[in-house]
2 protein chains.
Amino acid sequence: MAKGNSLGEFEHLVLLAVLRLGTDAYGMRVRREIADRTGRDVSIGAVYATLDRLADKGLVTSTLHDPTPERGGRAKRSFQLTGAGAEAVNRARQDLASMQEGQVFPHPRGAQ
Amino acid sequence: MAKGNSLGEFEHLVLLAVLRLGTDAYGMRVRREIADRTGRDVSIGAVYATLDRLADKGLVTSTLHDPTPERGGRAKRSFQLTGAGAEAVNRARQDLASMQEGQVFPHPRGAQ
DNA sequence: GGCCATTTCTACATGCTAGAAGAAATTGGG
DNA sequence: CCCAATTTCTTCTAGCATGTAGAAATGGCC
């Protein structure tokens with residue numbers, strides 16, 4: 001029916017993390033960022049799977065860096081948003097905003 | 001690993017539509033609301049499947065009404081958020097807000 | 001009986017998740 | 001100096017959850 005180019009929920013969070021982290025957006029770091037900010041206990045496999053999928057869709061690209069001189073400092077692969085990635089994240093944000101505008105959110109205790 | 005009780009993207013939109021529509025939240029109406037507000041061409045099957053899943057998770061409940069006296073007016077089943085549903089929608093909102101806070105969103109044309 | 005608004009069903013595509021395995025680097029004991 | 005341990009990070013695999021489309025069924029109105 002439709003085109004169906006919309007972001008999954010976790011894809012949205014990952015894209016926001018990449019945007020926020022700038023040049024420091026590699027797998028482990030993205031995971032930590034999401035965990036710290038949302039309190040969610042994200043598995044690392046989930047993050048990489050999602051980053052790969054985003055790359056397939058052309059919403060991010062990746063660059064392989066040289067290893068840093070720290071213990072266990074393996075080479076990092078960092079990710080950047082593409083133009084399409086920026087569009088996607090903006091669109092997701094606007095769709096949610098449209099659905100929320102003028103809305104009074106109930107305190108959970110009030111509802112049933 | 002984690003608990004994994006988070007909302008999918010479409011689940012989020014549907015929940016917001018139900019909240020927004022109040023007593024008028026039945027399948028066809030929810031579909032129209034999302035289409036109107038986001039421009040997305042949602043299939044009706046998608047909406048019902050999602051509403052059913054949300055009901056299974058205890059985030060909404062449904063009530064069957066009497067048919068209205070209009071041509072073709074079959075009985076409507078309308079949905080309401082539960083307390084857990086309100087919690088879920090608030091949590092999803094806050095998680096996104098945390099990931100977005102202080103963030104400058106690029107105009108797509110500016111990026112690459 | 002045919003029409004219409006709505007819901008239900010079914011089946012497949014895509015996204016999410018977890019954890020174990022693999023790779024590349026530093027460290028420190030012998 | 002070398003090797004095994006340790007650390008950080010990435011890749012892989014496989015199963016379950018969500019998203020999507022459309023056709024079929026339902027039931028009141030005319």
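Each chain gets a letter, A, B and so on, in the order its sequence line appears, and its residues count up from 1.
Residue-to-nucleotide proximity on DNA chain D shows that, of A:A49 and A:S78, the 5′-proximal contact is made by A:S78. Each of A:G72 and B:L7 lies near DNA chain D, and the nucleotide nearest A:G72 is the one positioned closer to the 5' end. Judged by closest nucleotide on DNA chain C, B:D52 is the one of B:D52 and A:P67 placed further toward the 5' end. Position along DNA chain C of the nearest nucleotide to A:R71 versus B:M28 favours B:M28 as the more 5'-ward residue.
Within the nucleic acid shown, A:R53 comes within 4.0 Å of at least one base atom, counting heavy atoms only. If you check every strand for non-hydrogen atoms under 4.0 Å, A:G27 touches sugar and phosphate atoms only.
As rounded to whole Å, 15 Å separates atom P of D:dT18 from atom CG of B:L13. The distance from atom OH of A:Y26 to atom C1' of C:dA24 is 15 Å, rounded to the nearest whole Å. When the P atom of C:dT14 is taken as reference, atom CG of A:L54 falls 15 Å away, rounded to whole Å. Atom CD of B:E11 and atom P of C:dC16 are 11 Å apart (whole Å). Atom NE2 of B:H12 and atom C1' of D:dG19 are 16 Å apart (whole Å). If you measure from atom CD1 of A:I44 to atom P of D:dT13, you get 18 Å, rounded to the nearest angstrom. Atom-to-atom, CZ of B:R31 to C1' of C:dT8 comes out at 16 Å; the value is rounded to the nearest Å. Between the P atom of C:dC16 and the CD atom of A:E9 lies a distance of 8 Å, rounded to the nearest Å.
Close to C:dA5, at under 4.0 Å from its OP1 or OP2, lies no side-chain N or O of B:R29. Phosphate proximity of C:dT8 to B:R77: present, with a side-chain N or O under 4.0 Å from OP1 or OP2. B:K57 has no side-chain polar atom (N or O) that falls below the 4.0 Å cut-off from OP1 or OP2 of D:dA17.
The side chain of A:T50 lies closest to C:dC16 when the candidates are D:dA23, D:dG19, C:dC16. Distances were taken from every side-chain heavy atom of B:R74 (C-beta onward) to each of D:dG27, D:dA23, C:dC16; the shortest belongs to D:dG27. In the set C:dT17, C:dT6, D:dT20, the nucleotide with an atom closest to the side chain of A:S43 is C:dT17. Checking C:dA20, D:dT20, C:dT6 against every side-chain atom of B:K76, the shortest atom distance belongs to C:dT6. Taking every side-chain heavy atom of B:A46 into account, D:dT20 is the closest of C:dT6, D:dT20, C:dT17. Taking the side chain of B:R32 as heavy atoms from C-beta on, and the options D:dC9, C:dT6, D:dG19, the nearest nucleotide is C:dT6. For B:S6, whose side chain is taken as the heavy atoms from C-beta onward, the closest listed nucleotide among C:dA20, D:dG19, C:dT17 is C:dT17.
A donor atom on one side chain and an acceptor atom on the other are found under 3.5 Å apart for B:T61 and B:Q80.
We find that A:R37 and A:E33 are joined by a salt bridge, their nearest charged nitrogen and carboxylate oxygen being less than 4.0 Å apart. Using a cut-off of 4.0 Å between Lys/Arg side-chain N and Asp/Glu carboxylate O, A:E11 and A:R53 are scored as salt-bridged.
Minimum heavy-atom separation, A:R32 to A:Y26: NH2-OH, 4.1 Å.
To the nearest 0.5 angstrom, A:L16 atom CG is 11.5 Å from A:T38 atom OG1.
The shortest distance between side-chain heavy atoms of B:E9 and B:V14 does not fall below 4.5 Å.
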